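Worksheet for the structure shown next.
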Number of protein chains: 2
Amino acid sequence: MKHIAESTVRRLSDYLRFLEELEQQGTRTVSSGELAALGGTTSAQVRKDLSFFGSFGKRGLGYSVAALSKSLREILGLERQWRVAIVGAGKIGGALARYSGFHQRGFHVVHLFDAAGALVGTVIDGVTVKDERTLEATLAAEPVDIVLIAVPSDAAQAVVDRVVKTGVRAILNFAPVPVHVPSTVSLRSVNMALELEFLAYALVNHTR
Amino acid sequence: MKHIAESTVRRLSDYLRFLEELEQQGTRTVSSGELAALGGTTSAQVRKDLSFFGSFGKRGLGYSVAALSKSLREILGLERQWRVAIVGAGKIGGALARYSGFHQRGFHVVHLFDAAGALVGTVIDGVTVKDERTLEATLAAEPVDIVLIAVPSDAAQAVVDRVVKTGVRAILNFAPVPVHVPSTVSLRSVNMALELEFLAYALVNHTR
DNA sequence: CTCTGTGAACATCTTCACAGCT
DNA sequence: AGCTGTGAAGATGTTCACAGAG
C-alpha cells in the first residue's frame, strides 16, 4: 500500500470517535460535510482521507455510520487487543496506568516497571510494579506490542535502547526529550512542555 | 512577521533543550550539523528554521551556544513567567499539577478547578482545588495566561467555551476529543489515545 | 438534485546546492 | 577550508472543482 500521511491517520481516529458517538445516538448515515464539521476540517479532506483506503460512501447519500466505523476500526487496527507495558511508574507513568481511556480502546497495560525500589511491589490499577532490571526477562516471557516510556529525560534513550533490543516495534515516548530508534520501530512522542512552549510562542507573537 | 510553521517552532524548542545541555557541559559553539544530529533532523533544516528569525551564526564557525539559546528563549517567549490554570483535578489534571517539568520552564500552576465536591478543598502540590463553578470569578480576580483542560470528553467543549469567554487566549486540551475555539485563541491538543491508535495503525500496516 | 470520489491546481514544508563570510 | 544563510527545486499535504453514481 502507498504511504499514508500521518495527518490522515490521525484524522481517521477523530472520524471514528464521532462515528461511535453517532452510532450510539442511532444515526444511520452521515455525509462528509457533517464529519468535517465535527472534526474541524473540510468535506473534501474527509473524502480524500477515506479515498486512500477505498470507497465507503454512496453518492447522493453519504456514509453508513455502522459500515464506516467498522472499516475505520479495521484500518486503524482496533479490532484486536493490544498489550502495553509502561516503563516508569512515577507521576506520569502512574497517571497513564490509571487512565481508563486506553483500556476502552483495547489497549491493556500488562506490565509496569520502575527503577525506584520504593515503588516496586506496589499495585497500581491492578498491576504490580516490577523492578526495571527485570524488563528484558519479563518482556521475553510475556511480550507486549507497545511500550510507553515515562522515565526521566536522562534515562529515556537508554531505556528505549533496551526496549528496542527486546524486539518491541512500537514506542510512545513521554520523556520531554527526543529519542532515537531504528527505522524498523514506530515511535511517537508526547511532550507536554513542548506544547506549552508552543502556546507561549503563540501568545508572544500574537498572530492568528 | 511572516507566518512561521508550527513544525519550525516545535523544532526550536528541541534545539533550545540541547543548547541548554551543551551550556551545562561548557560547550561554547555548535554547528547546525551537530544540532541536527541531536534533534534528528538535517543541518539544512536547522539553518532554515533559524533563518526565519535572523542570522545567529558565524560562517565557518557555527553558533555561540550561549547567544543562540538566549535568542531562542526570547523567540519562544520563555524569558517571562507564565501563569497557568488547570481545569479538572482527576487523574490527568492531578498528574499535570504535580509534573515538575512545567515549573522548570517558567509555567506556574496558580489555579486548579474541579467539579467533584470531594476534591474541592484538597491541596495538590501546594495549590488548593477550587470549585469549578468559581472559574469565571477566580480568573477575573487572578487571571492566567494559559488554561489546561483535563475534564472528561463530554464536558470539554463547555469548559472551553467558558474559559474562552473569560478572555483567556491560549488553551491546551487533554480531553480526547477535538474542541473548537475562536481564531483569536491558540489551541493545542494532547491526545494520548490517539497516539496509541497511530502506533496500532503502524503495527498493522507494518511499513517503515 | 445530492453528495461521493478524484485528478489537477495550489499551498506548504523540506531538501538541495552554492554563493559568500570568517 | 569550514560552515552559514538562502533562493530554487523537489516533495508532501490540502483545496478546488467537477464528473458521475444514486
Side-chain angles (χ1 to χ4, degrees), chain A residues 1-15 18-19 22 27-69 71-72 75 178 183 198 201 207-208, chain B residues 1-15 18-19 22 27-69 71-72 75 178 183 198 201 207-208:
Chain A
M1 179 189 289
K2 198 176 56 223
H3 181 250
I4 304 295
E6 174 183 321
S7 45
T8 293
V9 178
R10 305 178 74 103
R11 282 191 298 266
L12 292 183
S13 286
D14 279 342
Y15 303 155
F18 284 125
L19 287 167
L22 294 172
T27 310
R28 292 300 191 79
T29 68
V30 66
S31 71
S32 57
E34 293 169 288
L35 275 176
L38 293 166
T41 24
T42 66
S43 62
Q45 181 79 78
V46 172
R47 296 199 300 277
K48 179 64 92 179
D49 286 340
L50 296 177
S51 77
F52 293 126
F53 299 92
S55 299
F56 304 100
K58 285 206 174 34
R59 296 171 188 230
L61 244 171
Y63 302 87
S64 150
V65 170
L68 185 55
S69 47
S71 299
L72 288 182
I75 292 167
S183 62
F198 185 91
Y201 169 83
T207 328
R208 234 177 99 264
Chain B
M1 179 188 289
K2 198 176 53 222
H3 181 251
I4 304 296
E6 175 183 321
S7 46
T8 294
V9 178
R10 304 177 74 103
R11 282 192 298 268
L12 293 182
S13 286
D14 280 341
Y15 303 155
F18 284 125
L19 287 166
L22 294 172
T27 310
R28 291 302 191 76
T29 66
V30 66
S31 70
S32 56
E34 294 171 286
L35 275 177
L38 292 166
T41 25
T42 66
S43 63
Q45 181 78 78
V46 172
R47 296 198 301 277
K48 177 65 90 178
D49 286 340
L50 295 176
S51 77
F52 292 124
F53 299 94
S55 298
F56 304 101
K58 285 208 172 34
R59 295 171 190 229
L61 245 171
Y63 302 88
S64 150
V65 171
L68 184 56
S69 48
S71 299
L72 287 183
I75 291 166
S183 62
F198 185 91
Y201 168 83
T207 327
R208 236 176 97 268

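Just so it is clear: chains get the letters A, B, ... in the order the sequence lines come, proteins before strands, and each one is counted from 1. Only heavy atoms go into these numbers, but all of them, side chains included; no hydrogens, no water, no symmetry mates. Predicted model, so just to flag it, every value in this text is computed and none were measured.
- Regarding B/Leu61, its CG atom lies at a distance of 15 Å from the C1' atom of C/dG20, rounded to whole Å.
- The interatomic distance linking B/Leu50 (CG) with C/dT14 (P) rounds to 14 Å, in whole Å.
- Sequence order on DNA chain D of the closest nucleotides to B/Lys58 and A/Asp49 puts B/Lys58 first from the 5' end.
- Comparing B/Tyr63 and A/Thr41, the nucleotide of DNA chain D nearest to each residue sits closer to the 5' end for B/Tyr63.
- Rounded to an integer number of Å, the gap from CG of A/Leu35 to C1' of C/dT4 is 13 Å.
- In this model, the phosphate group of C/dC3 is not approached by any side-chain N or O of A/Ser31 to a distance below 4.0 Å at OP1 or OP2.
- When rounded to the nearest whole Å, the span between CZ of A/Phe52 and P of D/dG13 equals 8 Å.
- Residues B/Ile4 and A/Tyr201 have side chains in contact (heavy-atom distance under 4.5 Å, counting atoms from C-beta outward).
- Checking the phosphate oxygens (OP1, OP2) of D/dT4, no side-chain nitrogen or oxygen of B/Ser51 falls inside 4.0 Å.
- B/Leu68 has its side chain within reach of B/Leu50: a pair of non-hydrogen atoms, C-beta onward, lies under 4.5 Å apart.
- Atom CD of B/Gln45 and atom C1' of C/dT12 are 13 Å apart (whole Å).
- In summary, of the residues considered (A/Glu34, A/Arg47, A/Lys58), a side chain to side chain contact (heavy atoms under 4.5 Å, CB included) with A/Tyr63 occurs for A/Arg47 alone.
- No side-chain heavy atom of A/Ser13 sits under 4.5 Å from any side-chain heavy atom of A/Arg10.
- Among all heavy-atom pairs drawn from A/Phe18 and A/Leu38, the shortest one is CZ-O, 3.0 Å.
- Rounded to whole Å, the distance from CZ on A/Arg11 to C1' on D/dT15 is 12 Å.
- Residue A/Leu35 forms a side chain to side chain contact (heavy atoms under 4.5 Å, CB included) with just one option from A/Asp49, A/Val46, A/Val65, and that option is A/Val46.
- A/Ser32 and A/Ser43 make their closest contact through OG-CB, 3.6 Å (heavy atoms, listed as atom of the first residue, atom of the second, distance).
- In this structure, A/Ile4 places its CD1 atom 19 Å from P of D/dA11, rounding to the nearest Å.
- A/Thr8 comes within 4.0 angstrom of no nucleic acid atom, judged by non-hydrogen atoms across all strands.
- Contact annotation: B/Ser32 reaches the phosphate of D/dT4 (side-chain N/O to OP1 or OP2, under 4.0 Å).
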All N/O contacts under 3.5 Å from nucleotides 16-19 of chain C to the protein, with atom names and distances to one decimal?
from: C/dA17; atom 1: N6; to: B/Arg47; atom 2: NH2; distance (Å): 3.4

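- Regarding contacts with the backbone of D/dT4, every side-chain N or O of B/Ser43 stays at 4.0 angstrom or more from both OP1 and OP2.
- A straight line from NE2 of A/His3 to P of D/dT12 spans 9 Å, rounded to a whole angstrom.
- Distances were taken from every side-chain heavy atom of A/Ser55 (C-beta onward) to each of D/dT14, C/dG5, D/dG5; the shortest belongs to C/dG5.
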